[in-house]
Amino acid sequence: MEFKIANAKLELIHSDITDVEADAIVNAANGTLMGGGGVDAAIHNKGGPKILEECKRLREKEWPDGLPTGNAVATTAGNLKAKKVIHTVGPVWHGGLHDEAKLLRRSYWNTLKLAAAQGLKSVAFPSISTGTYRYPTEEASRVAITAIKDYLEKEGKIEKVTMVLFSERDLGIYTKSAKTLLGVA
Ligand code: ADP
């Protein structure tokens, strides 16, 4: 399903993000940037070792203590179809009273800001934090869609954002939230 936001498009699809063609695909990374499970493992496995090499350099040069939650960094996309992988660290869910929403919003916001700064026009996100980090998908979908909407309304460099949902169930949850928050497409 597709929604129009300002001069841009938000698309919601059911897919594997490593198969998606976009200028940037987003990795739900952890602060070590050294790989992990879920979407992180899928991106490194299919993208090849060049991604991890760049992550290691970023750790050495810029983030010796790890990438803080809510931040984003870009690397090569290796063998993937995308031009870049943007790695962002979402919050771990601890019940909702520990700034989780603010930090999740920051992950989406900083990723889009970095993509725009690098001249990238299309960005594909997975559902950040809703796997290993246990953020409830419905709550996360509202934060994600609101952050994307606010960003696209504020500045016009990004032309297309895709939310890549890994199950029909997640696609249904995101679609319902998008219809509520953005109006029926
Ligand atoms: P986090 O640690 O931020 O929770 P996960 O990778 O564990 O990150 O999960 C985030 C979301 O990504 C989950 O909804 C999971 O089902 C989904 N996911 C896992 N693999 C893929 C993939 N290859 N493409 C798209 N989404 C994926």
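We number each residue from 1, following the sequence as shown. Atoms within each ligand, like the ligands themselves, are counted from 1 in listed order.
Atoms of ligand 1 lying under 4.0 Å from any heavy atom of Asp170, numbered from 1 in the order shown and given with element: 14 (O). Those atoms of ligand 1 with a heavy atom of Ala42 less than 4.0 angstrom away are 23 (N).
At a heavy-atom cutoff of 4.0 Å, ligand 1 is contacted by no atom of Leu165, backbone or side chain.
Between Asp23 and Lys160, no side-chain nitrogen of the basic residue sits less than 4.0 Å from a carboxylate oxygen of the acidic one, so the salt-bridge criterion is not met. Ion pairing of Arg59 with Asp65 is absent here, as no side-chain N (NZ or NE/NH1/NH2) approaches a carboxylate O to less than 4.0 Å. No salt bridge links Glu60 with Lys56; every basic N to acidic carboxylate O contact stays at or beyond 4.0 Å.
Heavy atoms of Asp16 come nearer than 4.0 angstrom to ligand 1 in at least one pair. In this structure, Gly90 falls outside the shell of residues with a heavy atom less than 4.0 angstrom from ligand 1.
Closest to atom 14 (O) of ligand 1, if we only count protein heavy atoms, is Thr130 OG1, 3.2 Å. The nearest heavy-atom contact from the protein to atom 4 (O) of ligand 1 is Gly131 N, 2.8 Å. The protein non-hydrogen atom at the shortest distance from atom 27 (C) of ligand 1 is Phe166 CG, 3.4 Å. The closest protein non-hydrogen atom to atom 3 (O) of ligand 1 is Ser129 N, 2.9 Å. Among all non-hydrogen protein atoms, the one lying nearest atom 11 (C) of ligand 1 is Ser127 O, 3.2 Å. Protein heavy atom at the shortest distance from atom 24 (N) of ligand 1 is Ile17 N, 2.9 Å. If you check which protein heavy atom lies closest to atom 6 (O) of ligand 1, you get Val39 N, 2.9 Å. If you check which protein heavy atom lies closest to atom 8 (O) of ligand 1, you get Ala28 CB, 3.7 Å.
No donor-acceptor pair under 3.5 Å is formed between the side chain of Thr146 and the backbone N or O of Val143.
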*Could you walk me through whether Asn71 and Asn110 pass the side-chain hydrogen bond (donor to acceptor under 3.5 Å, both in side chains) test, one step at a time?*
CA-CA 6 Å; Asn71 281 45; Asn110 285 331; 4.8 Å; no
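Aromatic ring orientation, Trp109 versus Tyr151: perpendicular (interplanar angle above 60°, classes split at 30° and 60°).
Backbone and side-chain nitrogen or oxygen atoms of Thr18 are examined, and none is located within less than 3.5 angstrom of a nitrogen or oxygen of ligand 1.
Every residue meeting the ring pair (Phe, Tyr, Trp, His ring centres under 6.0 Å) condition with Tyr135, not counting sequence neighbours, appears here in chain and number order: Trp93.
With side-chain heavy atoms closer than 4.5 Å counting as contact, directly or through intermediates, the hydrophobic cluster containing Val39 also holds Ile13, Ile17, Val20, Ile25, Ile43, Ile51, Leu80, Val85, Val164.
A donor-acceptor pair shorter than 3.5 Å can be found between the side chains of His87 and Thr75.
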